[in-house]
Amino acid sequence: MTDARQVTAEVTRRLQAAEVPGATADARWIVAHVLRTSPAGLAFAGPVSEEEIAQIEAATTRRSAREPLQHILGSAPFGDLELAVGPGVFVPRPETEVLAQYMLTWLRQQDHRPLHVVDACAGSGALALAVACHAPPGTQVTAIEKSVDALPWLHRNVAACAPRFQARGSTVEIVAGDVTVPDRWPTDQDLVVSNPPYIPDGCIPREPEVRDHDPAVALFVGPDGFTVLRPLLTNAASVLRPGGLIAVEHSDNQGGADGVPGLIEATAAFHTITDHPDFTGRPRFTTARPRPDSPSGSG
């Protein structure tokens, strides 16, 4: 008879031999997923069947080859959301939750309703759905995404979360389009939030999970990493209401005058430009306010 503890120990050994980061935690997630419980619930799991062992072995082989754990499990957590992910869509990262917390705090401080938000480069819908499910009731979210591979995941996640945000009177509209094209943007927005592609073409990530499995269109973008961000900033400035906000995620080496804050300042369309750290203290996202004289959808 084989129990969950023995199986988990063997999976951990195999993942460690394959030099998988976080092997112990990943092993618990894999076994728990197959046994239809939580990692904490493994302590109460009964005997593991031969069929379950075969499924665990298959998942362990995939993880040993450095396929992302989230692809194997079929989902990724983002705050209290559980988002479907897989090949073709960027897996949301914990670092982005800091950006989500900031924008939600800002939205709750606004004194008018309804609020209007654009998630530019929406991907799996992590930021759009965080807004729809947690911002003040009645918030209207537009999620813009151009990737034909990512869009099915976005539609799936919006549909799964719809009962939750619709109960709050909020909405999510999906726009299949390129954020660099002005006519894909709705006007009169309170917030534009984006986690755009920002890795320069020549900078190949070291992690196989990122390099080999995250879609290139969500990662690489021109020689300096700003090919999408430049027109995105122009379009955001044209649709933000006076007093609105833009919040853009970037890599931890794109802060400061030579990075995203400097690029935003160079547009001359924003003021109060502030760079913010993630939970490790590294620069992670920049916020700015549109200048009163910038062209906007509100006239």
Side-chain angles (χ1 to χ4, degrees), residues 11-12 14-30 33 57-78 83-100 119-127 145-154 156-157 178-180 194-230 232 248-255 258-260 278-280 282-285:
V11 174
T12 301
R14 287 181 57 187
L15 296 184
Q16 289 173 336
E19 300 183 347
V20 173
T24 300
D26 283 13
R28 290 174 59 81
W29 275 110
I30 287 171
H33 176 68
E57 288 180 347
T60 302
T61 298
R62 292 170 64 187
R63 187 68 187 107
S64 296
R66 305 299 292 272
E67 184 176 347
L69 177 67
Q70 296 89 343
H71 285 197
I72 297 168
L73 303 182
S75 65
F78 190 75
L83 302 174
V85 295
V89 71
F90 184 76
V91 175
R93 305 298 201 260
E95 293 84 356
T96 307
E97 293 183 17
V98 181
L99 168 57
D119 178 5
C121 304
S124 66
L127 290 170
E145 176 56 54
K146 75 172 184 178
S147 169
V148 295
D149 295 319
L151 279 166
W153 297 103
L154 177 58
R156 179 176 172 180
N157 287 320
D178 190 334
V179 299
T180 67
S194 183
N195 183 11
Y198 50 66
I199 300 177
D201 289 340
C203 299
I204 300 175
R206 293 187 298 272
E207 303 87 350
E209 291 87 348
V210 179
R211 182 187 65 232
D212 302 333
H213 295 280
D214 273 328
V217 68
L219 301 176
F220 304 108
V221 58
D224 62 1
F226 298 146
T227 301
V228 167
L229 185 54
R230 287 190 181 91
L232 187 156
V248 179
E249 182 166 333
H250 55 71
S251 72
D252 57 9
N253 61 5
Q254 289 176 327
D258 294 332
V260 172
D278 60 21
F279 56 80
T280 68
R282 296 176 294 185
R284 183 57 59 185
F285 67 96

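Values below: every heavy atom of this structure, side chains too, minus hydrogens, waters and symmetry copies. Starting from 1, each residue takes its place in the sequence as its number.
The heavy-atom pair separating Ser124 from Val89 by the smallest distance is N-CG2, 3.5 Å. Shown here for Ile199 and Pro205, the closest heavy-atom pair between the two residues is CD1-CG, 4.2 Å. The two residues Pro197 and Val228 have their closest heavy-atom pair at CG-CG2, 4.0 Å. Across Leu154 and Glu145, no two heavy atoms sit closer than the pair CD2-CB, 4.0 Å. Between Ser194 and Asp119 the shortest heavy-atom distance is CA-OD1, 4.5 Å. When all heavy atoms of Thr12 and Ala23 are compared, the closest pair comes out as O-CB, 4.2 Å.
Residue Arg62 places its CZ atom among more than 12 non-hydrogen atoms of other residues, nucleotides or ligands, all under 6.0 Å distant.
Not counting sequence neighbours, the partners of Phe285 by the ring-ring contact (aromatic ring centres under 6.0 Å, His included) test are Tyr102, His276. Listed by chain and residue number, nothing satisfies the side-chain contact (heavy atoms from CB on, under 4.5 Å) test with Ala25 (two or more places apart in sequence, or in another chain). Residues forming a side-chain contact (heavy atoms from CB on, under 4.5 Å) with Arg66 (at least two apart in sequence, or on another chain): Val20, Pro21, Arg63, Pro208, Glu209.
Within the model, atoms CD of Glu95 and OG1 of Thr280 stand 7.0 Å from one another, a figure rounded to the nearest 0.5 Å. For the atom pair CG of Asp26 and NE2 of His33, the computed distance is 13.0 Å after rounding to the nearest 0.5 Å. With rounding to the nearest 0.5 Å, the separation of CG in Asp178 from CG in Leu232 is 9.5 Å. If you take NZ on Lys146 and CG on Leu151, they are separated by 11.5 Å, rounding to the nearest 0.5 Å. For the atom pair CG (Leu69) and CH2 (Trp29), the distance works out to 8.0 Å, reported to the nearest 0.5 Å.
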Going through the checks in order, is the side-chain contact (heavy atoms from CB on, under 4.5 Å) test met by Val210 and Arg93? CA-CA 11 Å; Val210 179; Arg93 305 298 201 260; 3.3 Å; yes
What verdict does the side-chain contact (heavy atoms from CB on, under 4.5 Å) test give for Val91 and His71, after you've listed the backbone C-alpha separation in whole Å, the side-chain angles of each residue and the deciding distance to 0.1 Å? CA-CA 9 Å; Val91 175; His71 285 197; 3.8 Å; yes
side-chain contact (heavy atoms from CB on, under 4.5 Å) for Ser64 and Leu15? Distances and angles first, verdict last. CA-CA 6 Å; Ser64 296; Leu15 296 184; 3.5 Å; yes
Yes or no on side-chain contact (heavy atoms from CB on, under 4.5 Å) for Thr24 and Gln16, after CA distance, side-chain angles and deciding distance? CA-CA 8 Å; Thr24 300; Gln16 289 173 336; 3.9 Å; yes
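No option in Val98, Leu127, Thr96, Asp278 other than Thr96 meets the side-chain contact (heavy atoms from CB on, under 4.5 Å) test with Glu249.
Counting only distance, with no hydrogens or angles, the side chain of Asp201 and the backbone of Gly222 share a donor-acceptor pair below 3.5 Å. Remark: the backbone N or O of Tyr198 is paired with a side-chain donor or acceptor of Gln254 at under 3.5 angstrom. The backbone N or O of Ala84 sits less than 3.5 Å from a side-chain atom of Asn157, completing a donor-acceptor pair.
Annotation: side chain of Val260 is in contact with side chain of Phe226 (closest heavy-atom distance under 4.5 Å). Within the 4.5 Å cutoff, the side chain of Val217 has no heavy atoms near those of the Phe90 side chain.
Using modelled atom types, one finds no donor on one side chain facing an acceptor on the other under 3.5 Å when comparing Ser147 with Asp149.
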